[in-house]
K.L.:
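Would you mind keeping the following structure in view while I ask a few things?
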Protein chains: 2
Amino acid sequence: MSLVETDDIEGGESISLHQRILSDIRDRILSGAWAPGHRIPFEHELTAQYNCSRMTVNKALSQLAKAGLIERRRRSGSFVRQPQSQAAVLELHDIRIEVEALGLPYRYERLERLKRRSSAEDRTLLGLNASGPVLALEGLHFAGERPFALEQRLINLSAVAEADEEEFLDIAPGPWLIGRVPWSEAEHRIRAMAADETIADALDIDASAPCLVVERRTWSAEHPVTHVRFIYPAESHTLVARFTPSQG
Amino acid sequence: MSLVETDDIEGGESISLHQRILSDIRDRILSGAWAPGHRIPFEHELTAQYNCSRMTVNKALSQLAKAGLIERRRRSGSFVRQPQSQAAVLELHDIRIEVEALGLPYRYERLERLKRRSSAEDRTLLGLNASGPVLALEGLHFAGERPFALEQRLINLSAVAEADEEEFLDIAPGPWLIGRVPWSEAEHRIRAMAADETIADALDIDASAPCLVVERRTWSAEHPVTHVRFIYPAESHTLVARFTPSQG
DNA sequence: ACGGCGATTATGTATATACATATTGGAACG
DNA sequence: CGTTCCAATATGTATATACATAATCGCCGT
């Protein structure tokens, strides 16, 4: 009777039982065999099917519920949810890695470094209420001899005081910050823009050529840390995001 | 989606113990109190601290590990991971919702509908190996009287046969598919582009004006389902992605 | 018929226990 | 001195059990 019983000899993989239950059910949902609204077997039925304890089944179902694939209702059972899950995992690229993946030598070059009391615009960008010291950086990421991206960054020195001791002459502030400040939240804005003269000049492209602009704000435990704007020439860059609707 | 849910209802009532342990530890990590590399207390220490069983502590730590915040090593303990976690949750917008959020009336209009055997290009876009029937759709999303986005879509009819019975005259294929096909994986490509004449014409903008292009491929249980390309005039659109660090 | 109330049921959380597994530190041995 | 091997230890998984909680079913009395 049991759907299981036999060990998978083939893969040689030894996955845990609750993991196996989880992926069995997930596969049935994702394949469409169990449509949205379908009631999946009760815990005690799965307990019998897999010949295991309720805790084991419960672990699998709880994870599926947390992942949003199913909905659990007391006294009624567990049901396949509507595939409403419009969330996704986006991979954020490290520009160095991206450039080196192209087989080109990477280099960062600082254009400007300015410490100042935050202007109104700075505070808007960072999401700050109070005034305080900020570090404004501008730099170029190169792929070989060609400019690859222009970076305009603000760092909130009240949150990252150590940044004041760093010159950022040839190390990019992004990796530097990532290695030092744990971030708890971030926000991206992605848009297209025509290059103005300054940008065209820095990136060595035609004025009004299309550019991809990626802006990121980052917080660490409620405190704004940094705002950065990356500007890429349209030809040089495609953002790629690959994802699954939920956890596996 | 982050497994480290922050569903802290501010009423603060009745959260489970393992949930509280989890968020205690998460807060210490995100606030920086426990830096990357720091060894967090052993399970048996937390057991004593919270006066609970090891299973309860284990549940909290397992979730933190799955979320990528900590790394667990047998015989050594659990350690705060480097904040390398460059993954993010991206909200995928439903264009209708987006337009209506602007206070403008939304409308979808089909420009073209073509059923054909997949061309080589179709197969590349969809990620198909074998030939088969596809549905090629082109349509315009309107915000009020102005074109808001141009949509070019391929649907793999071998995966979604029902689509052949739908005209898609004034209902957009996106929401139609989401309500019908559970997707298991997707891939986005985002880039900037200058409008060519066809696009400029459809969107009623100047030729060579910058546009944001979002391409999405979707799979359901290993089968390619659809490829869609959204083209937005640069002024009309900013993609926003807000997220917390999760899975590595 | 109808409304209320208790019994039933499925899930939610937690406990104590057991054994498996990976890894480390140190003792034993050549 | 170095290598092998064992015991200690922390995590990984699973069991059986218990009680709490929410929702539903159906009985019962008016």
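Numbered from 1 within each chain, the chains take letters A, B, ... in sequence-line order. Fair warning: this is a prediction, and the values are worked out from it, not measured in the lab.
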K.L.:
Quick check: do His188(A) and Arg217(A) have side-chain heavy atoms less than 4.5 Å from each other?
P.N.:
no

K.L.:
Is the NZ or CZ atom of Arg180(B) both under 6.0 Å from the centre of the six-membered ring of Trp176(B) and within 45° of that ring's axis?
P.N.:
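Cation-pi check for Arg180(B) and Trp176(B): passes.
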
K.L.:
Tell me the interatomic distance from Phe79(B), atom CZ, to dA10(D), atom P, rounded to whole angstroms.
P.N.:
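From Phe79(B) CZ to dA10(D) P: 11 Å.
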
K.L.:
Taking the cut-offs as 6.0 angstrom to the six-membered ring centre and 45 degrees off its axis, would you call Arg73(B) and Phe79(B) a cation-pi pair?
P.N.:
yes

K.L.:
Please enumerate all residues that pass salt bridge (Lys or Arg N to Asp or Glu O under 4.0 Å) together with Glu166(A), with sequence neighbours excluded.
P.N.:
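Checked Glu166(A) against salt bridge (Lys or Arg N to Asp or Glu O under 4.0 Å); zero matches.
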
K.L.:
Output the residues of residues 52-59 of chain A in contact with DNA chain D, where contact means a heavy atom of the residue under 4.0 Å from an atom of the strand; sort by number or write none.
P.N.:
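Here the set is Cys52(A), Ser53(A), Arg54(A), Met55(A), Thr56(A).
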
K.L.:
Kindly state each residue pair satisfying ring pair (Phe, Tyr, Trp, His ring centres under 6.0 Å) with at least one member in residues 20-41 of chain A, sequence neighbours excluded.
P.N.:
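For residues 20-41 of chain A: Trp34(A)-His38(A).
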
K.L.:
Under 4.0 Å, counting only non-hydrogen atoms across every strand here, what does Ser78(A) touch: a base, just sugar-phosphate, or nothing?
P.N.:
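The residue Ser78(A) makes sugar-phosphate contact but no base contact.
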
K.L.:
Just jot down the salt bridge (Lys or Arg N to Asp or Glu O under 4.0 Å) partners of Arg229(B), sequence neighbours excluded, or say none.
P.N.:
Glu215(B)

K.L.:
Please check the phosphate of dG12(D) (OP1 and OP2 only) for any side-chain N or O of Arg72(B) closer than 4.0 Å.
P.N.:
yes

K.L.:
So what does Leu61(A) touch, heavy atoms closer than 4.0 Å: a base, only the sugar-phosphate, or nothing?
P.N.:
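The answer is nothing, as Leu61(A) stays clear of every strand by at least 4.0 Å.
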
K.L.:
In whole Å, what is the span from the NE2 atom of His44(B) to the C1' atom of dT17(C)?
P.N.:
18 Å

K.L.:
Can you tell me how the ring of Phe42(B) sits relative to the ring of His44(B), calling it parallel under 30°, perpendicular over 60° and tilted otherwise?
P.N.:
parallel

K.L.:
Taking ring pair (Phe, Tyr, Trp, His ring centres under 6.0 Å) as the definition, give me every residue that meets it alongside His18(B), ordered by chain and number, with sequence neighbours left out.
P.N.:
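Result, ring pair (Phe, Tyr, Trp, His ring centres under 6.0 Å) vs His18(B): none returned.
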
K.L.:
Rounded to the Å, how far apart are His18(A) NE2 and dT15(D) P?
P.N.:
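His18(A) atom NE2 is separated from dT15(D) atom P by 11 Å.
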
K.L.:
To the nearest Å, how far apart are Tyr50(B) OH and dT13(C) C1'?
P.N.:
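Spelled out: OH on Tyr50(B) to C1' on dT13(C) is 17 Å.
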
K.L.:
When the nearest nucleotide of DNA chain D is assigned to Pro41(B) and to Ser76(A) on a heavy-atom basis, which residue is associated with the more 5' position?
P.N.:
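It is Pro41(B), whose closest nucleotide lies nearer the 5' terminus.
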
K.L.:
Apply ring pair (Phe, Tyr, Trp, His ring centres under 6.0 Å) to His141(A) and Tyr108(A), showing your working.
P.N.:
CA-CA 5 Å; His141(A) 301 263; Tyr108(A) 175 79; 5.0 Å; yes

K.L.:
Given atom CG of Leu17(A) and atom P of dT15(D), what is their separation to the nearest angstrom?
P.N.:
7 Å

K.L.:
Could you tell me the separation between the CZ atom of Arg75(B) and the P atom of dT23(C), rounded to a whole number of Å?
P.N.:
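Roughly 12 Å, once rounded to whole Å.
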
K.L.:
Atom CZ of Phe42(A) to atom P of dA10(C): distance rounded to whole Å?
P.N.:
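About 5 Å, once rounded to whole Å.
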
K.L.:
Rounded to whole Å, please give me the gap between CD1 in Ile15(B) and C1' in dT21(D).
P.N.:
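Result: 17 Å.
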
K.L.:
Bend angle of the helix from dA1(C)-dT30(D) to dG30(C)-dC1(D) from five-pair axes at both ends, rounded to 10°?
P.N.:
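Between the first-five-pair axis and the last-five-pair axis there is 10°.
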
